[in-house]
Amino acid sequence: MNHHRPSLSHPLSRRRFLSATGALGAGAFLSACGGGSASPDSEPAGADTPASDTYDGPNVELEFWNGFTGGDGPFMQDLVDTFNSEHDNIAVKMTVMEWADYYSKLPAAVSSGRGPDVGIMHIDSLPTNAARGVIMPLDDVAAALNLQASDFADAVWSAGEYDGQRYGIPLDVHPLGFYYNKTVMEEAGLDPDNPPMDRDSYEAALEQLKSAGIKGHWMSPHPFTGSMTLQSLIWQFGGSLFNDDGTEVTWHEDPGVQALTWMVDAIHNDYSPTDVGQDADAIALQNGQAAFNWNGIWHINSLKEVSGLEWGVAPLPNIGGTQAAWAGSHNFVLTKPRRPDENKLNAARVFVNWVSKQSLAWAEGGQVPARTSVRESEDFQALTEQAAFAEQVEYLHFPPAVPGISDAFADFDQALNEAVLLTKEPAQALEQAAQRAAKKLEENRDKYSG
């Protein structure tokens, strides 16, 4: 999944996206791996452990695995180092690998007793790993740490549950947002400090840019960033990708057709080139060829490295009438041990809670803290760009908590690709993709039901 991308003068976009969020459809990697032997509703280890956020036991070493191989990795390593320096009896050893390797190795490692004590997992991978017994329920951990729904962004807290139990403690959310090149806007006679935020003004701005010889918004036919754009638009047009319980595909219904048609019309109207290459939409904004780019929060630090670039960020424009945006989320998980160790479990609780409270440092790496107290702090609000992305926190969307649901995104991405490359009409592409994905959902129900 970690393909090479075009050479850039400043590292950005897909590489950092893969580091920050993991490849879309990570469940595809998991589906090829064996799971653990315990059932997801078995009694969690340490359920009777006293509620505490301190650890007074003997010295323990915790293995902590994640996929932060990009620019975010050093931020997490700094947090681990600081934690270790402040906790004499807990030593956290961090192991970093590519997300694809992480998701393929983790189930077998846990099953054989060689897995980490603590891991990071993307929110759409929690149900699959919970159903396989790779990770353990964390309701007792949340209770021991006195964590409440009000401590976190509502959407991400709710999305960490599967089959009536909690499996993730959220660390962050990483939403899609709106980047704009102020110099290009000014060249076309637009106000560089007043980006268009609704459909009428956005389309008027694209028309004005076109009159100035500028293709304003390059539509990507690739999962990054086209799929995130299309998902956001479907929700904005009042639709959804799946029904509430994730048993049916709904992206082919009228809101989905409207959303994909809007993207395709940008090409027909000459607001976007055809056949936009991977990362080319981001490069066009950076190089002054485009005015607008919908991209992830991880892109902030990349653009800050570009000398002389005048740019801004804002929440996604509301094209469809309903405020909505795609987002991913990193969650802390505890893997299911072969032999429960109360000391390690207690130490792991302390580590997870400590990092969660210190997540301002993580935000500086290009994330929105999931923890409300950090997100609403003056220090976070001073991170102007990240704070702009955080304005969307109440209307971010995540997939339903269904094992293997990521498998369906391969079909969704194919429909996007066919329509944006003008090889199929939007309605036909979405309908055919929905039929294929519905079969996968049905197969997964049988696959994970036992």
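Keep in mind that this is a model prediction, so the values were computed, not measured.
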Side-chain heavy-atom pair V350, F83 within 4.5 angstrom cut-off: yes
For the residue pair P107 and N129, what are the closest heavy atoms and their distance? CG-OD1, 4.5 Å
When Y202 is tested against each of Y271, F178, Y180 for ring-ring contact (aromatic ring centres under 6.0 Å, His included), which residue passes? F178
Pairwise distance CE(M185) to CG(D191) - rounded to 0.5 angstrom: 6.5 Å
Closer than 4.0 angstrom, basic N to acidic O: yes or no for R436 and D411? yes
Could you pull out the closest heavy-atom pair between D72 and Q367, with the gap in Å? OD2-NE2, 4.4 Å
So F351 and F332, would you call those rings parallel, tilted or perpendicular, with 30° and 60° as cut-offs? perpendicular
Could you measure the distance from the CG atom of L360 to the OG atom of S377? Nearest 0.5 Å is fine. 5.5 Å
For the residue pair F398 and V156, establish whether any side-chain heavy-atom pair is separated by less than 4.5 Å. yes
Take F75 and W362, measure what ring pair (Phe, Tyr, Trp, His ring centres under 6.0 Å) needs, and give me the verdict at the end. CA-CA 6 Å; F75 287 90; W362 184 236; 7.2 Å; no
The reported gap from CD in Q323 to CG in L396 (rounded to nearest 0.5 angstrom) is 11.0 Å
Within the side chain of T250, is there an N or O that forms a donor-acceptor pair under 3.5 Å with the backbone of S240? yes
Would you check if there is a donor-acceptor pair between the side chains of E161 and Q165 at a distance under 3.5 Å? no
Does D244, at its CG atom, have more than 12 non-hydrogen atoms belonging to other residues, nucleotides or ligands within less than 6.0 Å? no
Polar contact flag, side-chain donor to acceptor under 3.5 angstrom, S104-D101: no
With no hydrogens and no angle check, do the side chains of E305 and N301 hold a donor and an acceptor under 3.5 Å apart? no
Note: D151-R371 ion pair, threshold 4.0 Å (strictly below): no
Distance-minimising heavy-atom pair for V118 and L334: CG2-CD2, 3.7 Å
Main-chain N/O of T82 paired to S85 side chain as donor or acceptor, under 3.5 Å: yes
Verdict with reasoning, I319 to F237, per side-chain contact (heavy atoms from CB on, under 4.5 Å): CA-CA 8 Å; I319 303 300; F237 277 98; 4.2 Å; yes
E61 atom CD, neighbour heavy-atom count above 12 within 6.0 Å: yes
Do the non-hydrogen side-chain atoms of P317 and W294 ever get within less than 4.5 Å of each other? yes
Looking only at the side chains, is there a donor atom on one of W262 and E203 sitting less than 3.5 Å from an acceptor on the other? yes
With the side chain counted from C-beta on, respond yes when V402 and D245 share a heavy-atom pair under 4.5 Å apart, and no when they do not. no
Please check if the side chain of Q386 supplies one atom and the backbone of A363 the other of a donor-acceptor pair under 3.5 Å. yes
Run the ring pair (Phe, Tyr, Trp, His ring centres under 6.0 Å) test on F389 and Y179 for me, step by step, so that the C-alpha distance in whole Å, both residues' side-chain angles and the decisive distance to 0.1 Å come before the verdict. CA-CA 10 Å; F389 277 78; Y179 293 83; 5.6 Å; yes
Under a 3.5 Å distance rule, please check whether T261 uses its side chain to pair with a backbone N or O of V257 as donor and acceptor. yes
Has N295 got a side-chain atom pairing as donor or acceptor with H299's backbone, closer than 3.5 angstrom? no
Just do the side-chain contact (heavy atoms from CB on, under 4.5 Å) check on N181 and E310 with the steps written out, would you? CA-CA 6 Å; N181 186 313; E310 295 292 327; 5.5 Å; no
Using the rule given for side chain to side chain donor-acceptor pair (under 3.5 Å), can you reason through W354 versus E86, listing the C-alpha separation, both sets of side-chain angles and the distance that settles it, and then say yes or no? CA-CA 10 Å; W354 185 91; E86 295 180 6; 3.3 Å; yes
For N287 and Q289, indicate whether the former's side chain and the latter's backbone hold a donor-acceptor pair under 3.5 Å. no
To the closest 0.5 Å, what do you measure between CG (N417) and OG (S220)? 8.5 Å
Assess whether side-chain contact (heavy atoms from CB on, under 4.5 Å) is satisfied between R349 and D140, documenting all intermediate values. CA-CA 10 Å; R349 287 173 169 168; D140 63 310; 3.0 Å; yes
Please lay out, stage by stage, how N318 and R199 fare under the test side-chain contact (heavy atoms from CB on, under 4.5 Å). CA-CA 6 Å; N318 184 349; R199 182 171 184 169; over 6 Å; no
Distance-only polar pair, side chains of N293 and D281, donor-acceptor under 3.5 Å: yes
Aromatic plane relationship, W99 with H330 - under 30° parallel, 30 to 60° tilted, over 60° perpendicular: parallel
Evaluation steps, side chain to side chain donor-acceptor pair (under 3.5 Å), between S356 and N353: CA-CA 5 Å; S356 177; N353 194 45; 5.4 Å; no
Non-hydrogen side-chain atoms of V134 and V333 separated by less than 4.5 Å: no
Least distance between heavy atoms, I120 atom then L171 atom: CD1-CD2, 4.3 Å
Report the C-alpha separation of S232 and Q236 in whole Å, then their side-chain angles, then the decisive distance to 0.1 Å, and conclude whether the side chain to side chain donor-acceptor pair (under 3.5 Å) test is met. CA-CA 6 Å; S232 301; Q236 288 191 5; 5.9 Å; no
Hey, does the side chain of Q278 reach the backbone of F224 with a donor-acceptor pair shorter than 3.5 angstrom? yes
Is S158 reaching over with its side chain to a backbone N or O of D154, donor-acceptor style, under 3.5 angstrom? yes
Are M136 and T335 side-chain neighbours, meaning at least one heavy-atom pair lies under 4.5 Å? no
Close side-chain approach of W235 to L230, heavy-atom, < 4.5 Å: no
H174 and W326 aromatic ring geometry - parallel, tilted or perpendicular at 30°/60° bounds: tilted
Within the side chain of N243, is there an N or O that forms a donor-acceptor pair under 3.5 Å with the backbone of E248? yes
Which pair of non-hydrogen atoms, one from P175 and one from Q392, has the smallest distance, and what is that distance? CB-NE2, 3.8 Å
Here's one to test your reading of the geometry: is the NZ or CZ of R166 within 45 degrees of the ring axis of W157 and under 6.0 Å from its centre? yes
Return the orientation label for the W251 and F409 ring planes: parallel under 30°, perpendicular over 60°, tilted otherwise. tilted
Of all heavy-atom pairs between L138 and Y167, which one has the smallest distance, and what is that distance? CD1-O, 3.4 Å
Sole residue of V173, V393, D172 in side-chain contact (heavy atoms from CB on, under 4.5 Å) with R375: V393
Is the shortest heavy-atom distance from the side chain of K357 to the side chain of V374 under 4.5 Å? no
Rounded to the nearest 0.5 Å, the CE atom of M121 sits from the CD1 atom of I135 at a distance of 5.0 Å
The reported gap from CG in L285 to CG in L309 (rounded to nearest 0.5 angstrom) is 6.5 Å
Hey, does the side chain of D117 reach the backbone of E63 with a donor-acceptor pair shorter than 3.5 angstrom? yes
